[in-house]
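Input: one structure, supplied below.
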Amino acid sequence: MKKKMERKLRQHGLVDAALEKIEETIKAVESCEGKLTADGYKKLRGRLGHLMDALYRVGGSLTKST
């Protein structure tokens, strides 16, 4: 039981850390307002696409377990 609780706490810590980084990313993207070029926009969209792909890949195990 204790190991299961520790694992859950670790997992929440990882999720919290990821959410913090996403918040930083949102602020960084918002700071580009009015300064973004077409090339910069394409680069950001490409990287955000990779982020969404990673989220679907990581979350894929949830669809199999439910």
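Keep in mind that the numbers below use all heavy atoms, side chains included, and drop hydrogens, waters and symmetry copies.
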Fill in: Side chain to side chain, Leu36 and Leu44, heavy atoms closer than 4.5 Å
yes

Worksheet item: Sequence neighbours excluded, which residues qualify as side chain to side chain contact (heavy atoms under 4.5 Å, CB included) partners of Glu33?
Response: none

Response to the item:
Separation between OG1 (Thr25) and CG (Leu19), nearest 0.5 Å, reads 11.0 Å

Worksheet item: By side chain to side chain contact (heavy atoms under 4.5 Å, CB included), which residues pair with Leu51, not counting sequence neighbours?
Response: Leu48

Worksheet item: From Arg45 CZ over to Lys42 NZ, what is the distance, rounded to the nearest 0.5 angstrom?
Response: 11.5 Å

Item to complete: Starting from the C-alpha separation in whole Å, work towards a yes-or-no answer on salt bridge (Lys or Arg N to Asp or Glu O under 4.0 Å) for Lys43 and Asp39.
Response: CA-CA 6 Å; Lys43 289 178 182 177; Asp39 188 47; 3.4 Å; yes

Fill in: Atom pair CE/CZ of Met52 and Arg57 - distance to nearest 0.5 Å
12.0 Å

